[in-house]
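Working notes, beginning with the structure itself.
Predicted, not measured: the structure shown is a model, and the values here were computed from it. Values reported hereafter were calculated over all heavy atoms of this structure, with side chains retained and with hydrogens, waters and symmetry mates removed.
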Amino acid sequence: MTASSRSALRFALSLADPDTADALAERMAPQLLGVLSDRFGLPEEVVEELLGADPVQMRAALTIDPKEWLMAAAETGDPVVGRALWHAKYRNDAGYQEHAMEEIPGLLATLLYAADLADPRWYEDDGLFPLFYEELTGPLLVAILTSGFPGVNALSLAAFAVHLPPPVVVDTCLSLLEIWGSTEPFTLFLSLLDDLPDLDTGHPWLPGLLRQVLDAPDPASFLREHRPAGEWADPEHLRALLALRYGDIRDVPETKPDGLDWDLIRREHQRLPFGPESPRWPGFRYDTPLSRLARWEGCPADLMMESFRNYPAGTALDAAELPFEALVGPEAQTRAIHLPPTLERGIGSGRYSVDRVLAEVGPAVDVLDSLPYDHAPTRKAVAGLLAWLGTDPVNWLTCYARMGRARGSVAELIVDVTSPNSRKKRCTSWPWPQEAKFPVGHPQSSRAAFLAMFRCATEEVQKAVVPHLDARAVQYLLVFGEPSPAVRDAVVAAHGLPAQTAMAASYHLSDEQMDYLLDLDEPTVDAQLFRHAPLDRPERERLLAGRLRGGGIRPVPEELLAVLEDITVNDHRDWFLAGLESGDLGVARMVVGRLRLHVPASRTRLLIAVWERGGPEAVREILAMDRLPALLKRWTERALDAPDGLDRLRARLAEEESPAGLTEFLTATRDPGTRLRRLVAEGYQRPWEGLMAAHHADGLPAPLVNELVEHPDCPRELLPAALATTPEAGADWMRDALRSGRLTLEDLMTCAAPARAALACLRRYADDRTGAAARQAVRERAVALTGEHLGADVEAWSVCLQLLPTFAGTLPELVVAAGEMARRRGTDRPLRSTWPGNSPADPATADILAERPRPRPVSDTVCDRPMHA
């Protein structure tokens with residue numbers, strides 16, 4: 001069965017009155033069995049056995065919680081059911097599949113508790129127990145270890161004891177005594193070790209303990225005496241430990257379970273180290289059992305440090321309290337990717353002293369690049385160290401030159417730079433100067449560290465040093481350094497217009513920075529801003545029109561035209577369209593030469609703007625490029641020779657831009673969706689007035705309607721029209737329209753087609769966001785509709801379900817058609833189809849109508865006690 005047919009059967013059984021629903025369940029027993037098999041993740045024969053082949057019970061089972069039902073299945077203790085449960089992936093209420101053994105704690109334990117372990121079917125090759133020995137890691141291993149299976153027989157103890165803490169191994173031995181009633185399993189276990197000397201149980205003391213048990217007068221009491229009291233006694237503690245070792249990341253508690261002693265965790269790590277590593281996502285970060293431990297509050301320093309040594313990136317990012325010792329000493333091996341989150345959390349929480357970080361943690365370049373500078377005490381501490389450098393540019397240049405190779409702390413770097421007895425070379429000019437970058441990216445390494453500390457210097461120091469910066473450092477300072485207006489003026493005074501031009505070549509400018517640069521009205525600056533800055537559409541239109549911020553207008557500079565010549569049309573089509581109404585001849589030639597205008601009104605607008613600014617001769621230059629349609633070219637040439645030519649162009653534009661004109665442009669094609677996207681791309685709004693007039697007159701093409709409904713401003717009147725071709729997977733516009741109230745669940749029920757898609761979308765979108773009242777209203781409408789046309793006629797309900805997969809009409813049309821078919825079958829009259837998309841000549845429909853469901857034979861249940869939902 002398909003997902004839609006499963007949903008339909010469930011929906012039908014919930015709508016019909018109880019007696020009719022029971023009769024329909026009996027009529028559709030094979031299909032209903034398939035629905036339950038999919039819901040519970042068990043084979044049909046197992047579901048049938050558990051329910052006693054009773055259709056009434058099967059119908060009732062549709063509403064039961066799958067977890068509850070599967071737990072009841074486990075209580076049968078049946079080996080066949082057990083194997084099915086091991087593979088079961090039940091379907092939750094949201095329709096997603098979950099693995100039963102992973103998602104239902106205690107399911108396997110319940111099964112084993114109820115099982116007759118003497119039944120040989122558990123141990124056969126196709127039985128459940130052999131499957132357990134194949135699980136070496138992962139969430140299913142957690143289910144095995146917490147189920148009590150290690151205490152079922154000698155082999156399970158030998159195979160799985162290595163994963164359990166010593167006290168739990170003792171508990172497992174006690175379980176063996178209880179199950180077998182003798183020490184025979186211990187004898188078998190010791191024999192197994194003799195036959196397999198390389199078998200590692202993970203507990204060297206265990207064989208000796210079991211030999212003593214064999215000689216003890218009371219084996220159970222002897223074992224209890226050798227179990228440490230209170231250790232791993234809470235099942236949640238054991239589950240947390242095993243989830244940490246083997247489980248999915250979702251299974252690991254976010255915090256340490258209450259009462260779980262860190263000494264127990266440490267001893268388990270010493271016995272069987274936590275690992276191995278497993279990539280959490282591509283890149284440098286890893287998620288490991290040990291790094292998960294580091295997230296728990298109170299994690300001991302030794303475990304935290306071991307995690308940091310083995311997995312520095314993941315531990316530094318996630319650790320709750322990384323010790324300060326992780327940042328200093330030979331084992332630190334810190335890198336920039338480790339320091340930012342560590343210093344931000346440590347300094348922000350007060351665990352790390354800023355002064356100590358500056359004095360002890362290195363290398364200085366990474367520390368300076370990683371400090372949380374939005375933390376006022378941090379800025380103050382850095383500024384205190386920088387005071388030693390003073391206003392002498394030589395100190396700052398020397399500091400930059402040495403920081404890249406300095407392995408010590410920030411304080412040690414400053415001392416080294418300012419020491420009067422140092423014999424190292426001092427820099428009187430910027431070392432290794434570089435030109436500005438176009439465009440500029442974020443600074444890295446020494447440049448990033450220098451900029452970070454330079455921002456903490458006083459304004460007096462910055463004004464003294466900026467004349468000595470290279471072009472790249474000036475660019476970084478102006479873009480990322482947030483200099484004060486006075487410092488920015490000092491930079492421009494020292495480095496001139498090239499500094500401002502370099503500043504403009506950035507994707508990262510703030511509104512204030514862009515306003516500062518745009519107010520300059522400098523051609524080279526404007527060109528860089530146009531190419532690289534996040535300008536809005538009006539600002540680009542202003543630049544391409546040559547309008548100055550300070551007032552007045554000028555021809556668009558060559559620097560800006562060169563940008564239009566260089567950029568890629570496919571990537572920056574909107575930038576060209578910003579010049580449609582510029583009127584500047586150079587811009588117009590660039591737009592027409594490089595861009596294909598699809599909307600007739602756009603071409604006319606461009607010609608009018610050129611005429612208004614440059615006169616008829618400018619328009620002739622554009623026409624001479626032979627880039628416009630021949631008909632428009634001839635028409636415009638005649639207008640150029642007429643006294644009222646410009647007025648004619650304006651009248652033509654008014655006609656083309658009218659709602660009717662734009663609607664005609666959209667509908668006069670086999671691909672209106674593409675034209676709609678082009679219309680919007682060239683700056684026009686959707687002509688709702690004209691579109692609605694066309695919709696009322698002759699109707700709009702379905703592809704155009706499907707494009708229009710994607711827009712949140714689409715009139716509600718068009719939405720039902722789009723439902724005529726509803727996709728079974730739904731659509732984003734449907735979800736958004738339902739949540740905004742522009743579309744209702746009743747619209748889906750009455751207008752959506754085909755019927756199977758309507759049912760799927762009702763199930764998908766009838767959630768809390770649509771409101772309980774709306775869901776209840778649709779349900780009442782469905783009950784009334786099916787009651788009127790299907791009533792208590794099981795044949796009619798059956799026909800309705802058979803028609804659903806291929807019926808092209810709406811749900812109400814389906815119900816009406818099914819009722820009519822059932823009545824005609826009863827009178828043996830010829831069938832005549834009256835609903836859309838189905839006709840007697842359609843072979844598929846004829847086959848469906850000819851089918852009559854035949855209940856399959858139902859065998860007696862083999863269960864001692866049938867399950868009741």
Side-chain angles (χ1 to χ4, degrees), residues 99 101-109 112 132 135-152 156-175 200-206 226-278 280 286-307 310-311 314-315 318-320:
H99 199 292
M101 285 299 172
E102 296 177 23
E103 300 296 330
I104 308 178
L107 182 65
L108 184 56
L112 296 180
F132 291 166
E135 293 296 329
L136 303 178
T137 187
L140 288 177
L141 179 59
V142 177
I144 294 172
L145 296 174
T146 55
S147 68
F149 178 72
V152 166
S156 61
L157 176 64
F160 296 111
V162 65
H163 305 295
L164 301 173
V168 181
V169 173
V170 176
D171 292 338
T172 301
C173 293
L174 285 167
S175 176
D200 181 14
T201 65
H203 303 281
W205 50 269
L206 183 58
H226 284 78
R227 189 204 191 282
E231 294 186 3
W232 301 106
D234 189 334
E236 291 304 315
H237 293 178
L238 178 62
R239 182 175 294 278
L241 171 72
L242 296 174
L244 194 69
R245 285 197 188 279
Y246 308 114
D248 188 271
I249 182 65
R250 300 171 301 170
D251 302 325
V252 181
E254 291 292 329
T255 59
K256 181 176 69 66
D258 292 339
L260 179 54
D261 196 305
W262 279 110
D263 286 339
L264 296 180
I265 297 175
R266 183 185 287 107
R267 292 209 299 267
E268 268 302 286
H269 177 52
Q270 292 169 349
R271 182 187 72 82
L272 185 64
F274 292 113
E277 68 182 29
S278 56
R280 191 174 183 182
Y286 291 88
D287 182 32
T288 69
L290 203 56
S291 66
R292 296 182 204 177
L293 269 182
R295 300 178 201 171
W296 289 357
E297 292 289 339
C299 181
D302 57 334
L303 292 178
M304 192 85 74
M305 288 300 295
E306 183 175 351
S307 176
N310 294 326
Y311 320 109
T315 307
D318 291 331

*Which of parallel (below 30°), tilted (30 to 60°) and perpendicular (above 60°) describes Phe149 and Phe132?*
perpendicular

*For Cys173 and Leu206, work out which heavy atoms get closest and say how close.*
SG-CD1, 4.2 Å

*Compare every heavy atom of Arg292 with every heavy atom of Ala243, then report the nearest pair and how far apart it is.*
O-NH1, 3.5 Å

*Hey, could you give me the CG/OG1 distance between Leu238 and Thr146, rounded to the nearest 0.5 Å?*
7.0 Å

*Does a side-chain heavy-atom distance below 4.5 Å link Glu268 with Pro166?*
yes

*Does Leu303 reach the side chain of Phe274, with side-chain heavy atoms less than 4.5 Å apart?*
no

*asked:* Let me confirm one number: the CD1-CD distance from Ile144 to Glu135, rounded to the nearest 0.5 Å.
replied: 5.5 Å

*Of the non-hydrogen atoms in Ser291 and Ser307, which two are nearest, and what is the gap between them?*
CA-OG, 3.4 Å

_Counting C-beta onward and ignoring hydrogens, is there a side-chain heavy-atom pair between Pro105 and Arg239 closer than 4.5 Å?_
yes

*Compare every heavy atom of His99 with every heavy atom of Leu140, then report the nearest pair and how far apart it is.*
CD2-CE1, 3.6 Å

*asked:* Donor-acceptor check, side chain of Arg245 to backbone of Leu272, threshold 3.5 angstrom: yes or no?
replied: yes

*If you measure from CG on Leu290 to CD on Glu306, what distance do you get to the nearest 0.5 Å?*
5.5 Å

_Donor-acceptor pair, side chain of Ser156 and main chain of Pro150, under 3.5 angstrom_ = yes

_Tell me if a side-chain donor or acceptor on Thr172 pairs with a main-chain N or O of Val168 at a distance below 3.5 Å._
yes

*asked:* Give me the atom names and distance for the closest heavy-atom approach of Lys256 to Trp296.
replied: CB-CE3, 3.5 Å

*Look only at the side chain of Thr201 and the backbone of Ala161, and say whether a donor-acceptor pair between them is shorter than 3.5 Å.*
no

*Below 4.5 Å, heavy atoms only, C-beta onward: do Thr255 and Glu297 meet side chain to side chain?*
no

*Check: Pro167 main-chain N/O paired with His226 side-chain donor or acceptor under 3.5 Å*: no

*Which pair of non-hydrogen atoms, one from Cys299 and one from Met304, has the smallest distance, and what is that distance?*
CB-CE, 3.8 Å

*Trp232 side chain to Leu264 backbone, donor-acceptor under 3.5 Å*: no

*Inter-residue atom distance Leu260.CG - Glu236.CD, 0.5 Å rounding*: 11.0 Å

*How many angstroms lie between atom NE2 of His269 and atom CG of Asp302, to the nearest 0.5 angstrom?*
8.0 Å

*Has Asp263 got more than 12 heavy atoms of other residues, nucleotides or ligands less than 6.0 Å from its CG?*
yes

*Got a second to check how far Asp234's CG is from Asp258's CG, nearest 0.5 Å?*
9.5 Å

